[in-house]
Engineer: 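One structure, as structure tokens, below. Some questions next.
In what follows, chains carry the letters A, B, and so on, assigned in the order in which the sequence lines appear, proteins first and then strands, with residues in each chain numbered from 1.
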Amino acid sequence: MSPGPVERGITRDGGRRIAAVEYRTKAVVMDAEAVDRALTRIAHEILEANKGCSEIALVGIVTRGAELAERLAERIERIEGVSVPVGKVDISFYRDDVATRLSPEVHRTDIPFDVEGRHIVLADDVLYTGRTIRAAMDAIMDYGRPHSIQLAVLVDRGHRELPIRADYVGKNVPTSRKERVKARFAGVDGTDSVEILEEAGAR
Amino acid sequence: MSPLSSRHIMTMDDLTPEDITTILDTAESFKEVNERRIKKLPTLRGRTIINLFLEPSTRTRMSFEIAAKRLSADGVNMTASASATVKGESLRDTAKTLSAMACDLIVVRHKYAGAPQVLAECMDAHVVNGGDGMNQHPTQALLDLFTIRQHVGRLEGLTVGIVGDICHSRVAGSLVPALLKVGAKPVIIAPPTLLPARPDVMGAEVATSLDAVLPELDIAYMLRIQMERAEGMPFPSIREYARFYGMNETRLASAKPEMLVMHPGPMNRGVEVSSAVADSPRAIVLDQVNAGVAVRMAVMYLLLGGESGGAAA
């Protein structure tokens, strides 16, 4: 792995693009094995907290939250021998910053089961401000009235702007707001890892 | 930072092939919303959309109205009879008045071509053309593309026959360039009296016999015979038109087995489409209507979202 720039991003001020920025890896906080162990633990925790999986369903936030939900469902099936319904939700239309920022790509929301009365485990890769989670909860509520919504994340990086917390956390990673946290999943990125990225200097 | 290349959708010229793909892809997500029990999104809360319909319309106006409501925008309707235009106000003054009320998007239908451009000149709002005279009706073309893509799975390489009153049709005016932009092949089919003076400038193939080109068509798009626009009778009789240019079961049998029949509505049963064909599963007219709401939601979302609040240049 070369230490060169690995990721491009955009700094924004109130939704306006200011400059293109390159990011490079500062630290690898979880490797594939650590991700694997975290997924197994979270799966067990979900089963323990819900006393089995008869009433639960997983809903992932696209793209990487959906991947996390799939992986957790796989684990749960391996542990309990029962398959859990999995759905995915795109929050583009529920964002609180639609007026200033549009999602570059809108994906289909696909919740192929009745949410009414279920315990929904919402899954996302990185928990940051909590705004995405608020939007996802609103989206799920539009499908019915679940018995409860729980939150599972691979990484909690802090800096919450809303009163939201995760029920299941892979790893707590203290960060600065200037850094970025990048979770990678084999199904999307070819490898499982979590990295902290820092600005390589504005160009 | 709207993802579209234009602030307005007045003609198909405002949209690039990429814009068309963006709109159709976004509409897919809105179609899913329209199948939910709660068909409402908070996306455009606080935005004002005015439907300025200065020419009679029910389905287009309702489609735009429903689209605005499902996105939580505040929609206000203004029709010719209720507007100050009957008191002699010019379109320009109407535009300035509406602009002073700080609306964000205006959908306009007008009997004269170019009305949307007049509005865009003297308003800050985004303008969407809901049909201007005999010129264009771009959201109709977009929903037609969406419907075709849903049924066939692609647009590129398809041969689409547009049959009927090409000369007076704003639907054809938008559909022909739209099909060309996405790499499909439009064929305009009409008796010579219903073709424009220079059909070649449209860029479509031209045919005067439906039966001659029927076997090549993937889609037969039947236009309505517009009695209110045609001066005099451009053909000897309705019966003769139906016989030579109407879609009936005999013609359907001699077309490709997968050929689909479309119509922008309202249909004249027994004229451009026989009743049996209109009710057959190969007619996808209601899917077009269904797609209309999703496509118009996508247009509103893509035009109104992503503007940096007030700071936009």
Engineer: Should we count CD of B:Glu35 as having more than 12 external heavy atoms under 6.0 Å?
Structural biologist: yes
Engineer: Would you give the length of the straight line joining atom CZ of A:Arg95 to atom OG1 of B:Thr43, rounded to the nearest 0.5 angstrom?
Structural biologist: 11.5 Å
Engineer: Under a 4.5 Å cutoff for heavy-atom pairs, which residue among A:Asp142, A:Asp90, A:Val106 has the most contacts with chain B?
Structural biologist: A:Asp142
Engineer: With a 6.0 Å cut-off (strictly less than), is the heavy-atom count around NE2 of A:His147, excluding the residue itself, greater than 12?
Structural biologist: no
Engineer: Looking at CG of A:Asp96 and CZ of B:Arg45, how far apart are the two atoms once the value is rounded to the nearest 0.5 Å?
Structural biologist: 8.5 Å
Engineer: Determine the interplanar angle of the A:Phe93 and B:Phe30 rings, folded into 0 to 90°, and report it as parallel if under 30°, tilted if 30 to 60°, perpendicular if over 60°.
Structural biologist: parallel
Engineer: Kindly check if the number of other-residue, nucleotide or ligand heavy atoms within 6.0 Å of CD (B:Glu156) is above 12?
Structural biologist: no
Engineer: Is it the case that over 12 heavy atoms from other parts of the model lie below 6.0 angstrom from the CZ atom of A:Arg145?
Structural biologist: no
Engineer: Which bit of B:Lys39 is near chain A, if near means a heavy-atom gap under 4.5 Å: side chain, backbone, both or neither?
Structural biologist: neither
Engineer: I would like to know whether B:Glu32 and A:Asp110 meet side chain to side chain contact (heavy atoms under 4.5 Å, CB included); could you show each step before the answer?
Structural biologist: CA-CA 8 Å; B:Glu32 185 272 326; A:Asp110 183 19; over 6 Å; no
Engineer: Would one find more than 12 heavy atoms of other residues, nucleotides or ligands at under 6.0 Å from atom NZ of A:Lys88?
Structural biologist: no
Engineer: Minimum heavy-atom separation for A:His107 and B:Ser29, please, with both atom names.
Structural biologist: O-OG, 3.3 Å
Engineer: Please name the pair of heavy atoms, one in A:Arg108 and one in B:Glu28, separated by the smallest distance, quoted to 0.1 Å.
Structural biologist: NH1-O, 3.2 Å
Engineer: Give the intermediate values and the outcome of side chain to side chain donor-acceptor pair (under 3.5 Å) for residues A:Tyr143 and B:Arg37.
Structural biologist: CA-CA 7 Å; A:Tyr143 282 85; B:Arg37 197 161 32 156; over 6 Å; no
